[in-house]
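To start, the structure itself, in structure tokens.
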Amino acid sequence: MEQTDDFAHQVYAIIAAIPEGKVTTYGTIARLAGLPTYVRQVCAVLRGIPSDSILPCHRIINGQGKITVTGETYQRHKKALLKEGVVFNKNDKIDFKVFGWNYPY
DNA sequence: CACCTGACCATCG
DNA sequence: CCGATGGCCAGGT
């Protein structure tokens, strides 16, 4: 429970640091954690986060500006985002130029 | 060690 | 805009 979990720890910290009403992507998180190739691992970490977590995992979306999950999780995240003032386009997309916490490029 | 999986990403048609 | 394809790479079996 050290170096290997260190990455997950950073991911948690980064997620917790996302401001309200903003969103970010998996790739960005991986990069901020210092491991740009760990984008799939970010996914694994998020998957391990229960809905009860204090972490705003609903602010994590993919590079297309869409919620990456489906089903109930999708609905819950979308509602939470709307509550925070995030606006979805007609294609259920989020404008990164407005709500992107930090631009992926 | 080999194979499969994945809440991704970029590119192409 | 949507779907398919390839690339990426750690983890699990």
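Every chain is numbered from 1 and lettered A, B, ... according to where its sequence line falls, protein lines coming before strand lines.
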Listed partners of Tyr26(A) passing ring-ring contact (aromatic ring centres under 6.0 Å, His included), at least two apart: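 Partners of Tyr26(A) under the ring-ring contact (aromatic ring centres under 6.0 Å, His included) test: none.
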Check: Gln10(A) and Leu35(A) side chains under 4.5 Å, non-hydrogen atoms: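 No; the side chains remain at least 4.5 Å from each other.
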Whole-Å distance separating the [atom1] atom of [X] from the [atom2] atom of [N]:
| X | N | atom1 | atom2 | result |
| --- | --- | --- | --- | --- |
| Gln10(A) | dA10(C) | CD | P | 16 Å |
| Lys90(A) | dC2(C) | NZ | C1' | 18 Å |
| Arg47(A) | dT5(B) | CZ | P | 13 Å |
| Ile14(A) | dA7(B) | CD1 | P | 20 Å |
| Leu55(A) | dA7(B) | CG | P | 18 Å |
| Lys66(A) | dG3(C) | NZ | P | 8 Å |
| Gln75(A) | dA7(B) | CD | P | 18 Å |
| Tyr38(A) | dG7(C) | OH | C1' | 17 Å |

Sugar-phosphate, base or nothing in reach of His58(A), heavy atoms under 4.0 Å: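 Nothing, no heavy atom under 4.0 Å.
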Nearest-nucleotide pick for [X], side chain only, options being [options]:
| X | options | result |
| --- | --- | --- |
| Thr25(A) | dA7(B), dC1(C), dC9(B) | dC9(B) |
| Thr73(A) | dA10(C), dC9(B), dA7(B) | dA7(B) |
| Thr37(A) | dC2(C), dC9(C), dA10(C) | dC9(C) |
| Gln41(A) | dG6(B), dA7(B), dC2(C) | dG6(B) |
| Asn62(A) | dA7(B), dC9(B), dC2(C) | dC9(B) |

Matching residue for Ile29(A) among Val45(A), Val39(A), Val42(A) - test: side-chain contact (heavy atoms from CB on, under 4.5 Å):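 Testing each of Val45(A), Val39(A), Val42(A) against Ile29(A), the sole residue satisfying side-chain contact (heavy atoms from CB on, under 4.5 Å) is Val42(A).
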Distance (rounded to the nearest 0.5 Å) between Tyr12(A) OH and Phe7(A) CZ: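 Result: 10.0 Å between the selected atoms.
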Base dC9(C) to side chain Arg40(A), donor-acceptor N/O within 3.5 Å cut-off: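 Counting by modelled atom types and ignoring angles, no donor-acceptor contact under 3.5 Å is found here.
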Donor-acceptor pair (no angle test) under 3.5 Å: Tyr26(A) side chain, dA7(B) base: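 Side chain to base: pair present.
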Asn91(A) side chain vs Lys93(A) backbone, donor-acceptor pair below 3.5 Å: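 Checked: no pair found.
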